[in-house]
Amino acid sequence: MSETKTAPESGTSRHFVSQLIADDVAAARNGGAVVTRFPPEPNGYLHIGHAKAITIDFGMAKEFGGRCHLRMDDTNPAKESDEYVESIKTDVRWLGYDWGDNFYYSANLFEQMYAMAEELCRRGHAYVCELTQEQWKEYRGIPTLPGRASPFRDRTPEENLALLRRMRAGEFADGTLCLRAKIDMASPNIHFRDPVLYRIMRVAHYHTHDRWCIYPMYDFAHPIEDALEGITHSLCTLEFEVHRPLYDWVIDRMDEMGLLVVREGHKIRPIQREFARLSLTYTIMSKRLLLQLVQEKRVAGWDDPRMPTICGLRRRGYTPEAIREFCERIGVSKYNSETDVALLEYCLRDHLNKIAVRRMAVLDPVKVVIDNYPEGQEETFEAQNNPEDPNAGTHPVPFSRELYIERDDFMEVPAKKFFRLAPGQEVRLRYACLLTCTQVEKDDTGRITVIHGTYDPHSRGGHAPDGRKVKGTIHWVSVRHAQPVPVRLYDRLFTVPAPLADESKSFLDFLNPNALQTITGYVEPALAAAAPGERFQFERIGYFCADTRDSVPGAPVFNRTVTLRDSWSKVAAQ
RNA sequence: UGCCCGAUAGUGUAACGGUAGCACAACAGACUCUGACUCUGUUUGUCUAGGUUCAAAUCCUAGUCGGGCAACCA
């Protein structure tokens, strides 16, 4: 059947999930339909790892002309809430994916799941067990040793049915009884040793409220949800691989009961396939640990710009395009990989470079006085909004005798290959003019307080009148026109590439104390009107966005999204 | 000790029995009114051992290393 193998198209290649689906489509399995789903449990905020799954789930549907459902996998009311449901919808939409009318709650299927549980009892595939959890732990055995049968394993279907109904009716205390599948206590796969299907749990569900006191377990619920929604490919992460036989077992039982949906004459039988979850350097991806950071107030909340959550990245200034591009580039495989966060940052810079409007801001100012520029005079220069985009236009920047420049852009004793300002050295003030340093003033501690210089009146706009080469160009802001604004300099949340690698230490030990530094920056007037969420490149520094939470009209607060690449710092470091 | 899965440059990923590519990173250079962007070049790789084959990253066997599985979590 070599003709069913689709050759990679024009240099592009498919990852193994895509190949698998392509084979299914070619073989007209399920009538050639492709329906996927993204099924988060609403018990936390989505993070960059979910973005990978979302990209795969929605991406496969799009690639094969199918659809992707968004489903709240909410079978454990103890941890779930509407707050999370709303955040998930917002984040998936923001990432650019559309589930159309296909939004589901697992909880809406509780009645069907229960009906199937009863049918399992009738058919002798399930029984009500009274073993305590401690007893069961012993009965189940360990991976290397087979388990042994529960004394309740051979109840009659009638007994089981009656007990199950009483469980539902609330006649038993939480945790006293449970419904188990009757499969194989000797299976080398633990998940086949009569797994629990239903537990008693008197917890109000955020969606079904107090209608139920018994709730289905993931292994039972998930295949039912998939089958009833007509999912063809149930894609999930590697840790579910050993659950697959159980997934198939449930699907088989549904098939026997005639519960599989039929679409256009084809019985839809979902299959589960697994891929490696995303792991990123300098980042943790565990929902539990992220929750801990929030609860212990190590960060300001789920949307703290230091967090790898989608809302955190959004607030930091990431674009959905950059995140999607990243997810495309990392590929899909079954290898437990650790992706370098540098790739994410590359995708970010690459997109921001194309769309971010350029502005000048000085974050660590030192004053420059241009002694031959008339006191009281000012003028305006035109600065490009985005050299990468010819249609972006220009904007005016006011200039005067006193300016702020970056302290880093001056060296009293210049290092070799230092092209910026130094005594007797000429530099270009971006878009303005050429400036030569003449002398410096210092305070008692030797710290430079004012730099004096003279400008070339013929270099208007920054062009050398005689065509002489001026190697260095630096940014500046007119002191008189500068707007002081709060600027938050964000950096990696952790100081080491793998904060969880050392099991003898807590990941908290590796929190980066400098992951957030708040300073006052001096920005050009045009920046005062920045709208919340608006993204900029502060020339020669990095990409910033106006914070969506703390900015007020006329008084923006800026978050550093990511720095520009900086090859000088490497040279300077030696 | 049982079962399942995996292993290709520093990182991630392609090659589907027929010349080991690509991207990120690193390094060197060119260009530059952003030491950015862009461009050019360089370094570095098939876990090991057998076997099948004219030919193996690819198929088989064994081993090594890594990950997962013993919640009434998902």
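Throughout, protein chains are lettered first and strands after them, A, B, ... in sequence-line order, and every chain is numbered starting at 1.
- Distance, Arg193(A) CZ to rC4(B) P: 13 Å, rounded to whole Å.
- The existence of a salt bridge linking Arg71(A) and Asp226(A) is confirmed by a sub-4.0 Å separation between a basic side-chain nitrogen and an acidic carboxylate oxygen.
- Going from atom CG of Asn353(A) over to atom P of rU32(B) covers 18 Å, rounded to whole Å.
- Residue Lys570(A) is in sugar-phosphate contact alone, with no base atom involved, counting any heavy-atom pair closer than 4.0 Å across all strands shown.
- Results of the ring-ring contact (aromatic ring centres under 6.0 Å, His included) test with Tyr522(A) over Trp476(A), Tyr404(A), Phe538(A) single out Tyr404(A) as the only residue that passes.
- A distance of about 42 Å separates the C1' atoms of rA70(B) and rA20(B), rounded to the whole Å.
- Between Thr339(A) and rG12(B), a side-chain N or O to OP1/OP2 separation shorter than 4.0 Å is absent.
- Atom C1' of rU52(B) sits at a distance of 32 Å from the matching atom of rU44(B), rounded to the whole Å.
- Computed from coordinates, the Leu344(A) CG to rC24(B) C1' distance equals 12 Å when rounded to whole Å.
- Residue Leu343(A) is in sugar-phosphate contact alone, with no base atom involved, counting any heavy-atom pair closer than 4.0 Å across all strands shown.
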- Message: I'd like to compare against my own output: the B/S/- annotation of nucleotides 61-74 of chain B with a strict under-4.0 Å heavy-atom distance to protein.
- Response: ------SBSBSBBB
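- We find that Lys287(A) and Glu41(A) are not joined by a salt bridge, their nearest charged nitrogen and carboxylate oxygen being 4.0 Å or further apart.
- Each of Ala276(A) and Phe418(A) lies near RNA chain B, and the nucleotide nearest Ala276(A) is the one positioned closer to the 5' end.
- Using a 5.5 Å limit on the distance between ring centres and a 30° limit on the angle between planes, the aromatic ring of Phe419(A) counts as stacked on the six-membered base ring of rG35(B).
- Using a 4.0 Å heavy-atom distance criterion, Arg428(A) is classed as a base contact.
- Within a 6.0 Å sphere centred on CZ of Arg288(A), other residues, nucleotides and ligands contribute 12 heavy atoms or fewer.
- Counting only heavy atoms from C-beta outward, the side chains of His125(A) and Trp249(A) approach each other to under 4.5 Å.
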- Message: In dot-bracket form, 5' to 3', how is RNA chain B paired? Count Watson-Crick and G-U wobble pairs only if both distances fall under 3.5 Å, and write | where the partner sits on another strand.
- Response: .((((((..((((....[..)))).(((((.......)))))....(((((..]....))))))))))).....
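- Partner of Cys347(A) under the side chain to side chain contact (heavy atoms under 4.5 Å, CB included) criterion, chosen from Arg329(A), Glu321(A), Glu328(A), Arg324(A): Arg329(A).
- Counting heavy atoms from C-beta on, the side chains of Ile271(A) and Asp24(A) come closer than 4.5 Å.
- Shown here, rA71(B) is classed syn by the O4'-C1'-N9-C4 or O4'-C1'-N1-C2 angle, which is within 90° of 0.
- Nucleotide rC31(B) holds its C1' atom 10 Å from the NZ atom of Lys469(A), rounded to whole Å.
- Here Lys354(A) lies out of heavy-atom contact (under 4.0 Å) with every strand.
- Distances shown here put every side-chain N or O of Thr473(A) at or beyond 4.0 Å from the OP1 or OP2 atom of rU32(B).
- If you take CD of Glu539(A) and P of rA36(B), they are 13 Å apart, rounded to a whole angstrom.
- Taking the centre of each ring, Phe110(A) and Tyr105(A) stay at or above the 6.0 Å mark.
- Side chains of Asp194(A) and Tyr127(A): a donor on one and an acceptor on the other come within 3.5 Å.
- Rounded to whole Å, atom P of rC4(B) lies 23 Å from atom CZ of Phe275(A).
- For Arg358(A) against rU34(B), a side-chain-to-base donor-acceptor contact under 3.5 Å is present.
- Using a 4.0 Å heavy-atom criterion, one finds that Glu338(A) contacts the sugar-phosphate atoms exclusively.
- The OH atom of Tyr282(A) sits 14 Å away from the P atom of rG12(B) (whole-angstrom rounding).
- Two residues are said to be in side-chain contact when any heavy atoms from C-beta on lie closer than 4.5 Å; Val362(A) and His475(A) meet this criterion.
- With C1' as the reference atom, rC37(B) and rC69(B) are 49 Å apart, rounded to whole Å.
- Among the protein residues, Ser569(A) comes within range of no part of the nucleic acid, since none of its heavy atoms lies under 4.0 Å from any strand.
- RNA chain B is contacted by both Ala342(A) and Gly462(A); Ala342(A) maps to the nucleotide lying nearer its 5′ end (nearest heavy atom per residue).
- Of the candidate nucleotides rU34(B), rC37(B), rC5(B), rC37(B) has the atom lying nearest to any side-chain atom of Arg565(A).
- Between the side chain of Arg540(A) and the base of rG35(B), no donor-acceptor pair of N or O atoms lies under 3.5 Å.
- Among the protein residues, Arg420(A) comes within range of the nucleic acid bases, having at least one heavy atom under 4.0 Å from a base atom.
- Nucleotides rC22(B) and rC3(B) have their P atoms positioned 42 Å apart, rounded to a whole Å.
- Side-chain proximity of Asp340(A) to the nucleotides rU34(B), rG12(B), rU11(B) is greatest for rU11(B).
- Taking atom P in both rU61(B) and rC4(B), one finds a spacing of 13 Å when rounded to whole Å.
- Residues Glu388(A) and Arg358(A) meet the side-chain proximity criterion, which asks for heavy atoms closer than 4.5 Å.
- For Tyr335(A) and rA7(B), the shortest distance from a side-chain N or O to OP1 or OP2 is not below 4.0 Å.
- In this structure, Pro245(A) reaches neither bases nor backbone, as no heavy-atom distance under 4.0 Å exists between it and the strands shown.
- For rA15(B) and rU46(B), the C1' atoms lie 11 Å apart once the distance is rounded to whole Å.
- Around CZ of Arg277(A), the count of heavy atoms belonging to other residues, nucleotides or ligands within 6.0 Å does not exceed 12.
- Nearest heavy atoms, Ser18(A) versus Arg14(A): OG-NE, 3.1 Å.
- In this entry the distance linking CZ of Arg244(A) with P of rC5(B) reads 8 Å, nearest Å.
- A gap of 16 Å separates the P atoms of rC47(B) and rG66(B), to the nearest Å.
- Comparing rC65(B) with rC27(B), their P atoms sit 35 Å apart, to the nearest whole Å.
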